[in-house]
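The structure appears right after this line, and notes come after that.
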There are 4 protein chains.
Amino acid sequence: MEKTKQDDILNAATLVFAKKGVNDAKLYQIAEEANVAVGLIYSYFEKPVKLDILLSIFIDFWKNFNALVEEKISMLEDPKSKLIAILDILSDLLIKDELAIYRAKVIGESIPYVIIKKSEKMKEKRNIITSENRRLLAIIDEIIKTGQEKGLFYDDLKPSIIRQFLYGAVELSIYGLFLKVSRDEPIGYEEADIKEGTHKLFERFLCKA
Amino acid sequence: MEKTKQDDILNAATLVFAKKGVNDAKLYQIAEEANVAVGLIYSYFEKPVKLDILLSIFIDFWKNFNALVEEKISMLEDPKSKLIAILDILSDLLIKDELAIYRAKVIGESIPYVIIKKSEKMKEKRNIITSENRRLLAIIDEIIKTGQEKGLFYDDLKPSIIRQFLYGAVELSIYGLFLKVSRDEPIGYEEADIKEGTHKLFERFLCKA
Amino acid sequence: MEKTKQDDILNAATLVFAKKGVNDAKLYQIAEEANVAVGLIYSYFEKPVKLDILLSIFIDFWKNFNALVEEKISMLEDPKSKLIAILDILSDLLIKDELAIYRAKVIGESIPYVIIKKSEKMKEKRNIITSENRRLLAIIDEIIKTGQEKGLFYDDLKPSIIRQFLYGAVELSIYGLFLKVSRDEPIGYEEADIKEGTHKLFERFLCKA
Amino acid sequence: MEKTKQDDILNAATLVFAKKGVNDAKLYQIAEEANVAVGLIYSYFEKPVKLDILLSIFIDFWKNFNALVEEKISMLEDPKSKLIAILDILSDLLIKDELAIYRAKVIGESIPYVIIKKSEKMKEKRNIITSENRRLLAIIDEIIKTGQEKGLFYDDLKPSIIRQFLYGAVELSIYGLFLKVSRDEPIGYEEADIKEGTHKLFERFLCKA
DNA sequence: TATGAATGAGAGTTCATTCAT
DNA sequence: GATGAATGAACTCTCATTCAT
């Protein structure tokens, strides 16, 4: 569990990506932040390295997330607990420290970018991300569907849009947190409010009384 | 109400921004899409023109949105109707045609970028955006607060996080729509589902029974 | 002797060339100064118009100068009077008003540029300038040579370098005048000093006691 | 005293500037002449690089010149010897080899340009040039004044215009040399004539018998 | 004539990538 | 492995030139 140069680079990139935006982040800034020479980055990542780093950040996050989700879910029975568990894992992962909040910002900001790039490059990594992502969405949609069939959840909305609402709500509220942490902007709420809000959103919006 | 070259350029840019991402959109692509020469863009926008165009798209949208909101709101009394009205105006503006959906994608994707760029350039336009934006948030937060005080809305969450949840939910669901329209991805819901879902989100998450 | 648009353009160009430098002078600045549309310039000058205008300024000056010189010289006998006459004509032409000083600056600054450009374009105008110029130099060198042969002038220096010294001295002193007129720089002398200095330079440097 | 890439670039630029004129000199031509990639120039000079290179050529020359002048002058007593020494240093510096002649052409041609550009950019370098220049002029004017007071020099002309004449004469005669070296134009005199002429100009124009 | 919106070739600049050390 | 000077493709921007009105 030694901290490697590769980790240094990934963490440095996460920071710089978050602060400057992925596209305005320059390789030399990442190298400087990681205390390595620019050229060394090419020993650990494929060309184009910025994209590879970004995808690596995604993969690390999703693999980790999915693993935790699947482990937890398999131990739970009813849809309500499962969904709550997922929301909690998400909050925990994205808020646990400052780097996590930066990572959340990068991931949130880059989803459109990762989806949009058609290039054949890094096909394998893209496939991993896509499949990890689909796997999670499928799990969530399935839980919602089951909850609806069991009469626990309102069934007048499609699982897909419920899931999209939930994810959007969490993502944007975490983005506000990023503004607070990195730019000292007053946003009017704190980490704890997100978790509490998420639970209430789930209870009221989804669960029948 | 004649269609000007400036409009051509703005619409072309919206399209290209949406399809390629703002940063990967090249000026010559915008010019080609607008059927004008690259150089002409510099007659209508300030340097750097891509940024100016992006800010112009923002301003057009927010000014239009805020004007509609204020007009509608002044005619309504109770917080519930006001909030529903705002959500409807938002959906209508962002979904009314394909270009609107592209615009929604561009705006959603670029908010972090517009916020993050500190540069002194285009300070005036940035200020317009910031103030238009703050005005809307203040209006919404005020409505929520009033609703809470009148006992119509749950008052166990801060207005700021409620508003963030609502906005995030709408934004991400519209982003899904963009994927459907521009990339033929199956997302599992349609325009109508967003509006319906928004209303139900509002009713259940916010309004006391 | 009506003032034509062509003259307006030439005078405007002289002014802008002098103030900004020929290369930094933009066509639209000249057009604005001349109160004409940019496109109109193409009715009066050949492409590339900036070069044509510059050459026209040269030709106007040299033709005028040479005509005056030849007229005056033919009426004089001894080399001393002839050379003095030329120096006076030069001073009078270059200092007679503010525009003349600007013209002097433009011509002085552009000689290397006009000489250096190899392009085949405007061959005719270049030839005019070159031949007018050579004609003048030949006249001067001839006068100096005659003066040397008659024992009036020192004959220990070649006519060519004497002429070069004289021209350089006059040119740079007039350039100082331009700085004074257009930029309010204190240069320590005035128009009258140039004429007086020129005469003394001639008397002492060239003429035997 | 190793020859660096920076020197390569400066020398290449001097050559290209002289042959094409500063404004028609393209960066890729300089890079090619220096045998480096265009981008490398940006490692050694500030933007805009062509201006920075030009100013650097100026500074190198003036600092070198002034240092030699001050060293030499402090060892001499009478105004005549001092002025002769300065003229000789100038000739030696500007004529010592082909590159020096090119440098002389570039400097002579660019003085108006360097003076005229008001831009705030490179303020420091401009200040260096201005102050080095003023220092030299002050030294020369002071020597002339002393010579006049001691009754060695004619005192019927202002030191400022005498200095301007001397400088103009030297500059234009060296420009002729550039035409000879770089374009094979017959100018009618040679390097040695300049030095000889300069001395005689000084003796006759300035010194009382 | 006279205009100025529109054009597009060509310039300066950026920065991911390479590779000798 | 580690470095960072050197590379050059590709971008944004400029402005002389054109041409429909």
Side-chain angles (χ1 to χ4, degrees), chain A residues 4-6 8-9 23-32 34-53, chain B residues 4-6 8-9 23-32 34-53, chain C residues 4-6 8-9 23-32 34-53, chain D residues 4-6 8-9 23-32 34-53:
Chain A
T4 64
K5 296 229 170 184
Q6 182 154 18
D8 289 347
I9 294 166
N23 265 287
D24 287 341
K26 311 301 176 200
L27 217 51
Y28 65 77
Q29 295 168 330
I30 296 172
E32 192 182 9
N35 283 314
V36 299
V38 178
L40 188 65
I41 300 180
Y42 288 80
S43 306
Y44 294 105
F45 297 93
E46 280 177 64
K47 285 166 292 177
V49 287
K50 254 175 66 182
L51 179 55
D52 192 20
I53 291 173
Chain B
T4 64
K5 297 240 166 180
Q6 182 154 16
D8 288 348
I9 294 166
N23 264 286
D24 287 340
K26 307 306 175 196
L27 225 46
Y28 61 78
Q29 295 168 330
I30 296 173
E32 192 182 7
N35 281 314
V36 298
V38 175
L40 188 65
I41 300 179
Y42 289 81
S43 306
Y44 293 106
F45 298 93
E46 280 177 64
K47 286 165 292 175
V49 287
K50 257 174 61 183
L51 180 55
D52 193 21
I53 291 173
Chain C
T4 64
K5 295 231 170 184
Q6 183 155 15
D8 289 347
I9 294 166
N23 265 287
D24 286 341
K26 311 302 175 198
L27 217 50
Y28 65 78
Q29 295 168 330
I30 297 172
E32 193 183 7
N35 282 313
V36 299
V38 178
L40 188 64
I41 299 180
Y42 288 81
S43 305
Y44 294 104
F45 298 93
E46 279 177 63
K47 286 167 290 174
V49 287
K50 254 174 67 181
L51 180 55
D52 193 18
I53 291 173
Chain D
T4 65
K5 297 239 167 184
Q6 183 155 17
D8 289 348
I9 294 166
N23 263 286
D24 287 340
K26 307 306 173 196
L27 223 47
Y28 63 78
Q29 295 168 331
I30 297 173
E32 192 182 8
N35 281 314
V36 299
V38 176
L40 188 64
I41 300 179
Y42 289 82
S43 305
Y44 293 105
F45 298 94
E46 279 177 63
K47 284 165 293 174
V49 286
K50 257 174 61 183
L51 179 55
D52 194 21
I53 291 173

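The structure presented is a predicted model; accordingly, all values stated were derived computationally and were not measured. Below, chain A is the first sequence line, B the second, and so on; all start at residue 1.
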Between D/K26 and E/dG12, is there a side-chain N or O to OP1/OP2 distance below 4.0 Å? no
Please tell me which of the listed nucleotides, E/dA2, E/dT18, E/dT13, lies nearest to the side chain of D/P48? E/dT13
Rounded off to whole Å, could you give me the CG-to-P distance for the C/N23 and E/dG12 pair? 12 Å
Provide, to the nearest angstrom, the distance between the CD1 atom belonging to A/I30 and the P atom belonging to E/dC15. 12 Å
Please find the pair of heavy atoms, one from B/A37 and one from B/A31, that lie closest to each other, and give the distance. C-CB, 4.1 Å
Which heavy atom of D/I9 sits nearest to which heavy atom of D/F45, and what is that distance? CG2-CE1, 3.7 Å
On a heavy-atom basis, the closest approach of A/Y28 and A/V38 is CA-CG2, 4.0 Å
To the nearest 0.5 Å, how far apart are NZ in A/K5 and CG in A/N35? 8.5 Å
Does a nitrogen or oxygen in the side chain of D/Y42 sit under 4.0 Å from OP1 or OP2 of F/dA6? no
C/N35 CG to E/dT1 C1', straight-line distance once rounded to whole Å: 16 Å
Of the listed nucleotides E/dA6, E/dA2, E/dT3, the one nearest the side chain of C/Y44: E/dA2
From the candidates E/dT17, F/dC13, E/dT7, the one with an atom nearest any side-chain atom of A/V49 is E/dT17
Along DNA chain F (nearest heavy atom to each residue), the more 5'-positioned of D/A37 and A/V36: A/V36
Taking only the side-chain heavy atoms of A/K47 (C-beta and beyond), determine which of F/dG4, E/dT17, F/dC13 contains the nearest atom. E/dT17
Dot-bracket line, read 5' to 3' along DNA chain F, where crossing pairs take [ ] and | marks a partner on another strand, Watson-Crick or G-U under 3.5 Å: .||||||||||||||||||||
Minimal non-hydrogen separation, A/D24 against A/Q29, with atom names: O-OE1, 3.7 Å
Position toward the 5' end of DNA chain E (nearest nucleotide), D/A25 or B/V38: B/V38
Walk me through it: do C/I30 and C/V49 pass the test side chain to side chain contact (heavy atoms under 4.5 Å, CB included)? CA-CA 11 Å; C/I30 297 172; C/V49 287; over 6 Å; no
Would one find a side-chain N or O of D/K50 under 4.0 angstrom from OP1 or OP2 of E/dG12? yes
Looking only at heavy atoms, the pair that brings B/Y44 and B/Q6 closest together is O-NE2, 3.6 Å
Between C/G39 and A/K5, which residue's closest nucleotide on DNA chain F lies nearer the 5′ terminus? A/K5
From OH of A/Y28 across to C1' of E/dT18 the rounded distance in Å is 19 Å
Rounding to a whole Å, what distance do you find between A/E46:CD and E/dT18:C1'? 17 Å
Would you mind reading off the distance between D/I41 atom CD1 and E/dT14 atom P, rounded to a whole angstrom? 13 Å
Give A/L40 one of three labels, base, sugar-phosphate or nothing, depending on what nucleic acid heavy atoms sit under 4.0 Å from its own. base
Atom-pair distance (CD on B/Q6; C1' on E/dA6), nearest Å: 15 Å
When rounded to whole Å, the CD1 to P distance for the pair B/I9 and F/dC13 reads 14 Å
Minimum heavy-atom distance between D/K50 and D/L27, given as atom pair plus value: CG-CD1, 3.8 Å
